[in-house]
Chemist: 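Below is the structure I would like to discuss, written out as structure tokens.
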Number of protein chains: 2
Amino acid sequence: MQKGKEEICEITFIDRKKVSSVKKKMKPEATMQSLAETFKVLGDPTRTKIIFALSQEELCVCDIANLLGATKSAVSHQLRILRNMRLVKYRKEGKMVFYSLDDDHITNLFSECLRHVEEYD
Amino acid sequence: MQKGKEEICEITFIDRKKVSSVKKKMKPEATMQSLAETFKVLGDPTRTKIIFALSQEELCVCDIANLLGATKSAVSHQLRILRNMRLVKYRKEGKMVFYSLDDDHITNLFSECLRHVEEYD
DNA sequence: AAAATGATTGAACACTTATTCAACTATAAT
DNA sequence: ATTATAGTTGAATAAGTGTTCAATCATTTT
């Protein structure tokens, strides 16, 4: 077992040049976390559907719940997450609350991924 | 409480025109699931970093583990998930296994999201 | 053949998370 | 004011997930 290692793991063979080259290109930890978090928020079927629906029309919670076949509560919980991530915004009109997308980037991201998914099988 | 409802939830007020209009535009359930699943796979920091690293260079498991400061085991587990989703491919060379990206779409998706993340705060 | 090593795997564990249920708020209608 | 309803919220529960640890496989080296 050769000497000279770092980090947590018991690594014994590394292409140091390659690794340090890639290491330089790596984004900061915080950026990576944000990146992962953004994908994660989009990575739940209920939220995926909500965002797709809102990309078509401004909708109230009831409409969304009806559209997805989910309870208002479940939808509301998910909307809160999307709100916290600033992916959706809302507008109150009497008793009702209308939601719409707050971020054009997401629409692009979405259609890009949709293209990917629809292409393969 | 007015009559005429469908689905699971106790919905009493819906803009039926809007809802059915959006319903028509909705993608099939399977498509939505794939979409969500794809985002989900990208939505873990370890996998995010692996994919970013592989977008720069072909790397073996040890190199990736060293780069991320994770154990080989943890990396291997995540690589299996990425393999199953056909996001990475591998090449054996002796004892070592070299991984690389298997999908150009993901790179686009990735840089699109990165642009989004780096733009806001 | 035996030892060493890169990599994979399964089980266990701690942690996260999505939905449900019930209670609650706020607005509108009677 | 009372009732009804759109929506939110917190707690509880069940399901899912990432890492670690130990064992194992596969290939190379001695």
Side-chain angles (χ1 to χ4, degrees), chain A residues 1-3 5 7-15 19 32-33 36-37 39-50 58-85 88 90-99, chain B residues 1-5 7-15 19 32-33 36-37 39-50 58-85 88-99:
Chain A
M1 183 138 170
Q2 69 187 55
K3 280 273 298 291
K5 18 180 324 304
E7 311 294 346
I8 295 165
C9 80
E10 14 44 60
I11 290 162
T12 54
F13 186 93
I14 315 160
D15 187 330
V19 170
M32 286 301 194
Q33 291 293 334
E37 203 182 348
F39 281 126
K40 192 172 173 184
V41 171
L42 301 175
D44 170 76
T46 302
R47 290 193 293 267
T48 307
K49 290 172 195 168
I50 291 176
E58 182 193 57
L59 293 166
C60 68
V61 178
C62 256
D63 285 346
I64 298 171
N66 182 266
L67 201 56
L68 307 195
T71 62
K72 281 184 298 183
S73 179
V75 170
S76 188
H77 276 297
Q78 298 305 334
L79 281 169
R80 184 165 49 108
I81 294 173
L82 296 174
R83 236 163 40 217
N84 290 344
M85 290 289 289
V88 302
Y90 64 96
R91 171 175 75 80
K92 292 193 72 171
E93 190 175 316
K95 278 186 294 190
M96 304 175 74
V97 181
F98 288 93
Y99 282 87
Chain B
M1 181 138 172
Q2 71 188 51
K3 282 273 299 289
K5 17 180 322 306
E7 311 295 345
I8 295 165
C9 81
E10 14 45 60
I11 289 162
T12 55
F13 186 92
I14 316 161
D15 186 330
V19 171
M32 286 301 194
Q33 291 293 335
E37 203 181 349
F39 280 125
K40 192 174 176 182
V41 171
L42 301 175
D44 169 75
T46 301
R47 291 192 293 266
T48 308
K49 291 171 195 167
I50 291 176
E58 181 192 58
L59 294 166
C60 67
V61 178
C62 256
D63 285 346
I64 298 172
N66 182 266
L67 202 57
L68 307 194
T71 61
K72 281 183 298 181
S73 177
V75 169
S76 189
H77 276 298
Q78 298 305 336
L79 282 170
R80 184 165 49 108
I81 294 173
L82 295 173
R83 237 162 40 217
N84 289 343
M85 290 290 288
V88 302
K89 62 187 172 198
Y90 64 96
R91 171 176 75 80
K92 293 193 70 171
E93 190 176 317
K95 277 187 295 190
M96 305 176 71
V97 180
F98 288 93
Y99 282 86

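Throughout, a chain's letter reflects where its sequence line sits, starting with A, and its residues are numbered from 1. From a predicted model like this one, the values you see are computed outputs, not experimental measurements.
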Chemist: How would nucleotides 22-30 of chain D be written as a contact map, 5' to 3', with B for base contact, S for sugar-phosphate-only contact and - for no contact, using protein heavy atoms under 4.0 Å?
Modeler: ----SBS--
Chemist: Side-chain N or O of B:R80 less than 4.0 angstrom from OP1 or OP2 on C:dA7?
Modeler: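 False: B:R80 side-chain N/O out of range (4.0 Å or more) of C:dA7 OP1/OP2.
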Chemist: Distance check needed: C:dT17 C1' versus A:L79 CG, whole Å only.
Modeler: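 Taking atom C1' of C:dT17 as the reference, CG of A:L79 is at 17 Å.
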Chemist: Is a side-chain donor or acceptor of B:D15 paired with a backbone partner of A:D63 at a separation under 3.5 angstrom?
Modeler: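 Here the side-chain-to-backbone pair does not exist.
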Chemist: To the nearest Å, how far apart are A:Y99 OH and D:dG7 P?
Modeler: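 Value for this atom pair: 8 Å.
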Chemist: What are the two closest heavy atoms between B:V61 and B:K72, and how far apart are they?
Modeler: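 For B:V61 versus B:K72, the nearest heavy atoms are CG1-O, 4.0 Å.
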Chemist: One character per nucleotide, please: for nucleotides 13-18 of chain D, 5' to 3', B when the base has a protein heavy atom closer than 4.0 Å, S when only the sugar-phosphate does, - otherwise.
Modeler: ---SSS
Chemist: Rounded to whole Å, how long is the line connecting atom CG of B:N84 with atom P of C:dT8?
Modeler: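 Those two atoms, CG and P, are 12 Å apart.
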Chemist: Just to verify, what does A:T46 make a side-chain contact (heavy atoms from CB on, under 4.5 Å) with, not counting sequence neighbours?
Modeler: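 Once residues adjacent in sequence are excluded, the partners of A:T46 under the side-chain contact (heavy atoms from CB on, under 4.5 Å) criterion are A:D44, A:I50, A:L68, A:Q78.
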Chemist: Take the protein atom CG of A:L42 and the nucleotide atom C1' of C:dT17, then report the distance between them rounded to whole Å.
Modeler: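 Interatomic distance, CG of A:L42 to C1' of C:dT17: 16 Å.
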Chemist: For A:F98, answer base if it contacts any base atom (sugar-phosphate contacts may also be present), sugar-phosphate if it contacts only those atoms, and nothing otherwise; contact means non-hydrogen atoms under 4.0 Å.
Modeler: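 Nothing, no nucleic acid heavy atom in range.
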Chemist: What is the distance from CD1 of A:I64 to P of D:dA6, rounded to the nearest Å?
Modeler: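 Rounding to the nearest Å, CD1 of A:I64 and P of D:dA6 are 14 Å apart.
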Chemist: Measure from CG on A:N66 to P on D:dT5 and round the result to the nearest Å.
Modeler: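 Spelled out: CG on A:N66 to P on D:dT5 is 16 Å.
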Chemist: Return no unless some side-chain N or O of B:R91 is found under 4.0 Å from OP1 or OP2 of C:dA7.
Modeler: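 Answer is no, no contact under 4.0 Å.
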Chemist: If the condition is salt bridge (Lys or Arg N to Asp or Glu O under 4.0 Å), which residues does A:R80 pass it with, not counting sequence neighbours?
Modeler: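 Residues passing salt bridge (Lys or Arg N to Asp or Glu O under 4.0 Å) with A:R80: none at all.
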Chemist: Taking the side chain of A:S76 as its heavy atoms from C-beta onward, which of C:dT19, C:dT8, D:dG7 lies nearest to it?
Modeler: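 Minimum distance to the A:S76 side chain belongs to D:dG7.
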Chemist: Restricting to side chain to side chain donor-acceptor pair (under 3.5 Å), what partner residues turn up for B:R91, sequence neighbours left out?
Modeler: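 Residues passing side chain to side chain donor-acceptor pair (under 3.5 Å) with B:R91: B:E58, B:E93.
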Chemist: Has the side chain of A:H77 got a donor or acceptor atom sitting under 3.5 Å from an opposite partner on the base of C:dT20?
Modeler: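 Answer yes: a donor N or O sits under 3.5 Å from an acceptor.
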Chemist: Return the value, rounded to whole Å, for the distance between atom CZ of A:F39 and atom P of C:dT17.
Modeler: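 Nearest whole value for this atom pair: 17 Å.
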Chemist: Can you name the side-chain contact (heavy atoms from CB on, under 4.5 Å) partners of B:A36, sequence neighbours left out?
Modeler: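 Partners of B:A36 under the side-chain contact (heavy atoms from CB on, under 4.5 Å) test: A:P45, A:T48.
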Chemist: I'd like to check the side-chain contact (heavy atoms from CB on, under 4.5 Å) partners of B:V97; sequence neighbours left out, ordered by chain and number.
Modeler: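 With sequence neighbours excluded, B:V97 shows a side-chain contact (heavy atoms from CB on, under 4.5 Å) to B:Y90, B:K92, B:Y99, given in chain and number order.
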Chemist: Not counting sequence neighbours, which residues clear side-chain contact (heavy atoms from CB on, under 4.5 Å) with B:K95? List them please.
Modeler: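 Partners of B:K95 by the side-chain contact (heavy atoms from CB on, under 4.5 Å) criterion come out as none, since no residue qualifies.
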Chemist: Can you give me the closest heavy-atom contact between B:L67 and A:V19, atom names plus distance?
Modeler: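 Heavy atoms only, the tightest pair is CD1-O, 3.4 Å.
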Chemist: Among all residues two or more places apart in sequence or in another chain, which pass the salt bridge (Lys or Arg N to Asp or Glu O under 4.0 Å) test with B:E37?
Modeler: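 Residues passing salt bridge (Lys or Arg N to Asp or Glu O under 4.0 Å) with B:E37: none at all.
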Chemist: What are the two closest heavy atoms between A:R47 and A:K40, and how far apart are they?
Modeler: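 Residues A:R47 and A:K40, closest heavy atoms: NH2-O, 3.5 Å.
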Chemist: List the atom of A:V75, the atom of A:A70, and the distance in Å for their closest heavy-atom pair.
Modeler: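 Scanning both residues, the minimum pair turns out to be CG2-CB, 4.0 Å.
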Chemist: Expressed as a whole number of angstroms, how long is the span from A:M96:CE to C:dT27:C1'?
Modeler: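 Rounded to the whole Å, the gap is 12 Å.
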Chemist: Per the end-axis method with five pairs at each terminus, what is the bend angle of the helix from C:dA1-D:dT30 to C:dT30-D:dA1, to 10°?
Modeler: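 Axis-to-axis angle, ends of the helix: 20°.
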